[in-house]
Peer 1: 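The structure follows.
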Amino acid sequence: MTRKAAIIGGGVIGGGWAARFLLNGWDVAIFDPDPQAERKIGEVLDNARRALPALYDRALPPEGRLSWHDDLASAVADADWVQESVPETLALKHKVLGQLGALAPANAVIGSSTSGFKPSELNAEGARAIVAHPFNPVYLLPLIELVGEADTCARASTLLREVGCYPLTLRKEIDAHIADRLLEAVWRESLWLVKDGIATTEEIDEAIRMGFGIRWAQMGLFETYRIAGGEAGMKHFMSQFGPALSWPWTKLMDVPEFNDELVDLIASQSDSQSGHMTIRELERLRDDNIVGMLRALRRTGTGAGGVITAHEAALPAPLPADLPVTADRQVPTSWTDYNGHMNDAEYLRAASDATDRFIEMIGADAAYVAAGHSFFTVETHTRYLAEVHAGDRLRITTQVIEGAGKRMHLFHRMTRADGELAATVEVMLLHVDLKSRATCPPGPAVAANLSQYAAAHAGLPAEGIGRHVGERSKASPQTEPA
Ligand SMILES: NC(=O)C1=CN([C@@H]2O[C@H](COP(=O)(O)OP(=O)(O)OC[C@H]3O[C@@H](n4cnc5c(N)ncnc54)[C@H](O)[C@@H]3O)[C@@H](O)[C@H]2O)C=CC1
Ligand SMILES: C[N+](C)(C)CC(=O)CC(=O)[O-]
């Protein structure tokens with residue numbers, strides 16, 4: 001059964017929520033009185049379609065149905081999740097959450113995106129919302145801070161994991177939850193630094209992104225500082241830097257006066273720093289960078305990388321076909337190069353992932369490798385047949401040409417969504433004993449599975465198999481490069 005989310009307020013954050021749910025197969029109903037809302041959310045969705053699928057090596061479920069509503073009642077009807085993302089004023093939150101409590105199905109989770117209000121404040125006039133606080137861009141960053149009634153938070157947690165989020169339930173309600181407490185401290189100190197003429201907005205951004213910003217995505221604060229204590233660890237770090245807390249390293253809770261002068265100072269520096277790009281261009285740059293970093297974190301399963309891998313494992317498996325489908329994915333922008341198409345090295349990476357998938361399918365999974373056996377690649381041959389671009393959907397099927405004894409000879413076909421064959425990659429692998437590093441026959445179950453595939457694929461055509469580099473194509477045997 002398709003789930004439904006109602007998005008109430010479709011600005012920066014509501015648009016991101018809409019994309020997160022829609023691209024994970026949920027139906028999404030939107031209510032926002034802004035006449036520009038449909039255009040703005042359309043642009044956010046375009047960016048999200050470009051970025052989110054690129055995190056995964058498997059296809060996301062088909063998109064849900066998107067609908068626009070002029071009234072709250074029809075938007076929230078039959079919703080499993082209602083997300084309020086109206087501007088951050090308590091009176092408006094009270095009004096909207098009160099209406100949602102009355103109109104939404106009794107079992108629907110009602111989440112508020114509020115950056116700082118506590119559930120006791122939001123529900124002071126009888127509403128039944130929990131805080132479900134996301135991070136921009138909501139469709140890429142997994143963290144959602146949950147605060148409020150325990151059973152509702154538990155239900156919310158389960159639903160959020162289905163759409164690839166990382167729910168973090170707070171032990172107690174507090175103004176601005178966990179992450180915004182931290183961000184506010186950095187934001188407050190940064191405003192002081194600009195106001196006092198110590199640094200420009202650009203210099204502060206460099207201080208973050210050239211240094212500690214890179215560390216935070218993978219180890220956070222405490223693990224990072226534990227390492228910074230050297231071999232003596234956290235205790236040494238605390239004794240060395242603890243006294244700094246009472247030195248004038250921070251302005252603490254002292255807030256600069258938030259007047260027009262400060263706003264103009266920050267805004268004009270920000271314009272000269274980044275005004276050469278539109279907000280949508282900046283969003284795409286940000287998304288490409290985040291996708292690249294998250295894909296790097298996937299390799300070690302660290303931080304948000306582990307969340308994506310776990311979500312991917314729960315995605316529906318590709319439909320069975322004559323030949324096994326070993327990849328069905330979108331091409332990330334980071335795979336493209338200065339020629340504006342998928343870089344040659346990435347074809348091999350995609351084929352390598354497909355080989356790994358096939359090896360798992362025949363039973364040589366993580367436990368098999370941990371027990372001491374695996375396959376090593378000894379030869380590959382790639383034919384580049386059609387261009388592939390960022391955002392293209394790529395499907396790989398794998399044919400077993402030979403699967404007997406130590407040898408496994410595979411033929412991958414990469415096809416674009418329009419049916420065009422983009423590449424073939426032929427791979428020869430040998431089965432090895434990981435202890436002696438010498439070749440040996442696979443275990444009986446793996447050998448049996450492999451030979452079953454080999455028997456089923458025997459006799460199927462494999463156009464281009466065994467071609468050598470420089471061989472003329474049959475279609476144009478006379479063609480020579482100019
Ligand atoms: N912008 C950010 O970085 C983040 C914002 N938040 C929170 O998300 C919420 C929304 O913030 P943004 O999306 O940034 O604001 P926004 O100003 O971009 O969007 C608010 C949207 O609500 C709509 N709206 C106004 N009154 C409404 C009503 N009565 N019913 C339905 N829609 C209505 C507006 O037309 C607008 O499209 C706030 O509570 C904010 O604290 C949370 C995380 C990050
Ligand atoms: C600035 N902000 C308080 C609205 C930020 C957030 O709430 C979270 C984010 O995305 O940084």
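One-based numbering, in listed order, for ligands and for the atoms of each.
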Peer 1: Counting non-hydrogen protein atoms only, what is the nearest one to atom 19 (O) of ligand 1? Give residue, atom name and distance.
Peer 2: G11 CA, 3.3 Å
Peer 1: Tell me: protein heavy atom nearest atom 15 (O) of ligand 1, and distance?
Peer 2: V12 N, 4.7 Å
Peer 1: Starting from atom 30 (N) of ligand 1, which protein heavy atom do you reach first, and at what distance in Å?
Peer 2: F31 CE2, 3.5 Å
Peer 1: Among L141, I144, N136, L183, which one puts a heavy atom closest to atom 3 (O) of ligand 1?
Peer 2: N136
Peer 1: Counting heavy atoms only, name the option from I7, I13, V138, L92 that's nearest to atom 13 (O) of ligand 1.
Peer 2: I13
Peer 1: Hey, what's the ring geometry for Y56 with H311, parallel, tilted or perpendicular (30° and 60° as the breaks)?
Peer 2: perpendicular
Peer 1: Under 3.5 Å between any N/O of K95 and any N/O of ligand 1: does that happen in this structure?
Peer 2: no
Peer 1: Would H133 count as a polar contact of ligand 1, with the cut-off being nitrogen or oxygen pairs under 3.5 Å?
Peer 2: no
Peer 1: Any idea which protein heavy atom is nearest atom 10 (C) of ligand 1, and the distance to it?
Peer 2: S85 O, 3.3 Å
Peer 1: Among E84, E88, H177, find the one that has a side-chain hydrogen bond (donor to acceptor under 3.5 Å, both in side chains) with T114.
Peer 2: E88
Peer 1: Any idea which protein heavy atom is nearest atom 27 (C) of ligand 1, and the distance to it?
Peer 2: V86 CG1, 3.7 Å
Peer 1: Tell me which protein heavy atom sits closest to atom 11 (O) of ligand 2, plus the residue, atom name and distance to 0.1 Å.
Peer 2: L183 CD1, 3.5 Å
Peer 1: Under 4.0 Å from atom 1 (C) of ligand 2, is there at least one protein heavy atom?
Peer 2: no
Peer 1: I need the S120 OG to E173 CD distance, nearest 0.5 Å.
Peer 2: 3.5 Å
Peer 1: Compute the shortest N/O to N/O distance between V96 and ligand 1 and return yes if it is under 3.5 Å, no if not.
Peer 2: no
Peer 1: What residue and heavy atom of the protein are closest to atom 4 (C) of ligand 2, and at what distance?
Peer 2: S115 OG, 3.4 Å
Peer 1: Might you point out which heavy atoms bring V76 and P105 nearest each other, and give the distance in Å?
Peer 2: O-CD, 3.3 Å
Peer 1: Just to confirm my output: which protein heavy-atom neighbour is closest to atom 9 (C) of ligand 2, and how far is it?
Peer 2: F135 CD2, 3.5 Å
Peer 1: Taking atom types as modelled and ignoring hydrogens, do the side chains of T201 and Q273 form a donor-acceptor contact shorter than 3.5 angstrom?
Peer 2: yes
Peer 1: Tell me if the aromatic rings of F358 and H412 count as close, with their centers under 6.0 Å from one another.
Peer 2: no
Peer 1: Is it true that, when you exclude K95 itself, more than 12 heavy atoms of the residues, nucleotides or ligands shown sit nearer than 6.0 Å to its NZ?
Peer 2: no
Peer 1: For ligand 2, which part of H133 has a heavy atom less than 4.0 Å away: the side chain, the backbone, both, or neither?
Peer 2: side chain
Peer 1: Which bit of K40 is near ligand 1, meaning a heavy atom under 4.0 Å away: side chain, backbone, both or neither?
Peer 2: neither
Peer 1: Angle class for the Y347/Y384 ring planes (parallel below 30°, perpendicular above 60°, tilted otherwise)?
Peer 2: perpendicular
Peer 1: Minimum distance, heavy atoms only, to atom 24 (N) of ligand 1: which one of S113, G16, P87 is it?
Peer 2: P87
Peer 1: How long is the span from the CD atom in E283 to the CD1 atom in I290, to the nearest 0.5 Å?
Peer 2: 10.5 Å
Peer 1: I need the nearest protein heavy-atom contact for atom 6 (N) of ligand 1: residue, atom name and distance, please.
Peer 2: S115 OG, 3.3 Å
Peer 1: Is a donor from one side chain sitting under 3.5 angstrom from an acceptor on the other, for Q83 and W81?
Peer 2: yes
Peer 1: Would you check whether D32 has a nitrogen or oxygen atom less than 3.5 angstrom from a nitrogen or oxygen atom of ligand 1?
Peer 2: yes
Peer 1: Could you state the interatomic distance from OG (S157) to CD1 (I144), rounded to the nearest 0.5 Å?
Peer 2: 10.5 Å
Peer 1: For L141, which part has a heavy atom under 4.0 Å from ligand 2: side chain, backbone, both, or neither?
Peer 2: neither
Peer 1: Which residue from P134, A37, P33 reaches closest to atom 32 (N) of ligand 1 through any of its heavy atoms?
Peer 2: P33
Peer 1: Would you indicate which of L182, L143, N136, D180 comes nearest to atom 5 (C) of ligand 2 when only heavy atoms are counted?
Peer 2: D180
Peer 1: Taking both backbone and side-chain atoms of E84, is any N or O found less than 3.5 Å from an N or O belonging to ligand 1?
Peer 2: no
